[in-house]
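Below, chains carry the letters A, B, ... as their sequence lines are ordered, and counting in each starts from 1.
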Amino acid sequence: MPELPEVETYVRELEPELRGRTITGAAVTWPRTIAAPHADAFPAMATGQCFARFHRRGKYMLLGMESGDTLIVHLRMTGKLQVKPGDAEADRHTHVRFGLDDGRQLHFHDTRKFGRIWLVADTQPVLAKLGPEPFADEFSVAELGKRLAGRRAAVKGLLLDQSIVAGVGNIYADEALFLAQIAPQRPGGDLNEAELRAVRDSVRQVLGRAIELRGSSLGDSALQNYLRPGGEQGGFQLEHNVFRRTGEPCPVCGTPIRRIVIAQRSTHYCPHCQK
DNA sequence: ATAAGGCCCTGACCGC
DNA sequence: TGCGGTCAGGGCCTTA
């Protein structure tokens with residue numbers, strides 16, 4: 001599932017492909033994909049726009065246009081944004097197609113149909129609720145402590161809350177808590193300063209390494225839920241310590257990795273190393 | 001304010 | 001082989 005490292009990879013790899021290209025047309029075949037403007041108005045608003053600089057905020061891709069508008073793309077579970085040859089067919093899971101002035105196409109493909117696209121002049125309303133970027137100074141130990149203070153919910157669930165820190169999803173929450181040696185079911189408000197620092201540092205470490213390896217691709221055959229824009233796999237799945245390794249030995253102590261459910265999400269951890 | 005549960009979707013997978 | 005039921009999972013919405 002695309003989280004911050006996967007979205008960062010998309011932004012880095014798509015910008016050189018698309019920058020300077022002009023959209024010559026757009027077709028929407030699953031209207032709910034378009035969050036704004038209304039799907040009926042989307043093709044006309046997109047047509048004629050030229051791609052400029054790309055950015056990322058949390059798990060949102062921000063494709064800046066020369067006009068100042070921004071095409072915001074959230075891949076959610078299974079979304080993919082891929083540049084294709086001009087004669088590429090749209091399969092049943094391709095819900096938005098853009099024509100480009102170099103003859104190629106840009107396809108938004110999404111098996112689960114949870115992904116969303118906005119084309120807006122002002123990104124602020126879409127991004128307003130997001131917490132700090134993990135690599136920003138604003139994601140300090142003190143700030144994290146303030147956001148977790150008094151919270152009784154499990155720290156794992158709180159790491160998935162995008163208003164606490166932006167960009168962490170199920171894979172990286174589990175991997176960060178393993179590195180931090182914190183049990184995922186611990187109430188967030190119970191962490192002391194050293195533990196908060198361990199969580200903060202581990203989130204950065206795991207996301208940074210995953211960006212270097214261009215994300216995690218999990219082998220779910222047809223549901224292969226993350227591929228880079230060119231269709232290649234990322235490499236961080238080879239370094240997962242706990243995620244989807246239930247029953248396998250902990251790489252540190254050998255205790256079998258345990259799977260539990262927290263906040264309706266599968267959670268994987270080492271019951272010996274994580275206190 | 002916080003927490004918990006439902007919902008959107010589809011394909012994989014399981015048991016019979 | 002075929003079929004029905006269950007599950008995963010991010011973000012948003014509703015309910016308590």
Side-chain angles (χ1 to χ4, degrees), chain A residues 1-8 10 28-36 39 56-62 72-81 90-96 108-118 120 123-131 134 144-176 184-191 203 207 210 215-227 237 240 242-247 259-268:
Chain A
M1 52 228 82
E3 305 179 24
L4 186 151
E6 291 75 22
V7 176
E8 181 68 24
Y10 260 78
V28 177
T29 46
W30 184 260
R32 295 188 66 158
T33 298
I34 307 298
R56 178 194 57 71
R57 177 81 173 94
K59 303 178 197 172
Y60 292 81
M61 264 185 265
L62 308 176
I72 307 178
V73 180
H74 198 303
L75 301 172
R76 291 279 183 92
M77 294 296 300
T78 53
K80 295 176 184 67
L81 195 59
D91 73 20
R92 59 184 301 227
H93 300 303
T94 299
H95 309 309
V96 184
F108 182 74
H109 180 282
D110 186 13
T111 310
R112 288 281 194 275
K113 296 181 172 172
F114 286 176
R116 292 292 180 266
I117 296 175
W118 298 252
V120 292
T123 61
Q124 204 277 334
V126 180
L127 308 177
K129 291 175 183 167
L130 292 177
L144 181 61
K146 192 156 54 172
R147 289 171 188 266
L148 296 187
R151 302 292 297 261
R152 302 311 301 160
V155 63
K156 157 69 187 274
L158 295 172
L159 285 178
L160 300 178
D161 182 340
Q162 301 300 294
S163 72
I164 290 175
V165 57
V168 176
N170 210 34
I171 297 173
Y172 299 106
D174 281 4
E175 293 297 325
Q185 58 274 63
R186 289 271 304 281
D190 284 359
L191 301 195
V203 165
L207 294 177
S216 298
S217 294
L218 297 167
D220 280 346
S221 60
L223 267 185
Q224 179 81 54
N225 37 28
Y226 165 73
L227 293 174
Q237 67 280 1
H240 289 176
V242 291
F243 192 76
R244 293 201 186 162
R245 294 194 181 280
T246 309
R259 176 185 182 277
I260 58 176
V261 174
I262 292 177
Q264 287 90 244
R265 298 288 179 267
S266 326
T267 298
H268 313 76

Check: A:His240 and A:Glu175 side chains under 4.5 Å, non-hydrogen atoms: yes
Would you please confirm or rule out a distance under 4.0 Å between OP1 or OP2 of B:dC9 and any side-chain N or O of A:His93? no
Single hit among A:Arg265, A:Glu3, A:Lys156 for side chain to side chain donor-acceptor pair (under 3.5 Å) with A:Asn170: A:Lys156
For atom NE2 of A:His109 and atom P of B:dG11, their distance in whole Å: 10 Å
Terminal helix-axis angle for the helix from B:dT2-C:dA16 to B:dC16-C:dG2, with five pairs defining each axis and rounding to 10 degrees: 50°
Would you mind building the protein contact string for nucleotides 10-16 of chain C? One character per nucleotide, 5' to 3', B for base within reach (heavy atoms under 4.0 Å), S for sugar-phosphate only, - for untouched. BBS----
Measure from the side-chain heavy atoms of A:Arg259 and tell me the nearest of C:dA8, B:dG11, B:dC8. C:dA8
Short heteroatom pairs, N/O only, protein and nucleotides 1-3 of chain B, under 3.5 Å:
unit_1	atom_1	unit_2	atom_2	d
B:dA3	OP1	A:Arg152	N	2.7
B:dA3	OP1	A:Ala153	N	2.9
B:dA3	OP2	A:Arg151	NE	2.5
B:dA3	OP2	A:Arg151	NH2	2.6

Flag the pair A:Thr29 / A:Val96 as yes when at least one side-chain heavy-atom distance between them is below 4.5 Å, and no otherwise. no
If you measure from the Lys or Arg side-chain nitrogens to the Asp or Glu carboxylate oxygens, is any gap between A:Asp110 and A:Lys80 under 4.0 Å? no
When you measure from the side-chain N and O atoms of A:Ser266 to the phosphate of C:dG9, is any distance below 4.0 Å, counting only OP1 and OP2? yes
Once you round it to whole Å, what is the distance between P of B:dC7 and CZ of A:Arg116? 17 Å
Any side-chain N or O of A:Arg112 below 4.0 angstrom from OP1/OP2 of C:dC7? no
Residue set satisfying ring-ring contact (aromatic ring centres under 6.0 Å, His included) with A:Tyr60, at least two apart, ordered chain then number -> A:His74, A:Trp118
When you check the phosphate oxygens OP1 and OP2 of C:dA8, does a side-chain N or O of A:Gln264 lie under 4.0 Å from one of them? no
How are the rings of A:His109 and A:His93 set to each other: parallel, tilted or perpendicular (split at 30° and 60°)? perpendicular
For a quick test of reading the model, state the closest non-hydrogen atom pair linking A:Pro5 to A:Gly215 and the distance between them. CB-CA, 4.4 Å
Using the rule given for side-chain contact (heavy atoms from CB on, under 4.5 Å), can you reason through A:Val120 versus A:Ile72, listing the C-alpha separation, both sets of side-chain angles and the distance that settles it, and then say yes or no? CA-CA 8 Å; A:Val120 292; A:Ile72 307 178; 3.8 Å; yes
Think A:Arg92 has a side-chain N or O under 4.0 angstrom from the OP1 or OP2 of B:dT10? no
A:Leu62 and A:Arg56: which non-hydrogen atoms are nearest, and at how many Å? CD1-C, 4.3 Å
Which pairs with one or both residues in residues 154-174 of chain A pass ring pair (Phe, Tyr, Trp, His ring centres under 6.0 Å), sequence neighbours excluded? A:Tyr172-A:Phe236
Sequence neighbours excluded, the answer for salt bridge (charged side-chain N to carboxylate O under 4.0 Å, His left out) partners of A:Arg57 is A:Glu133
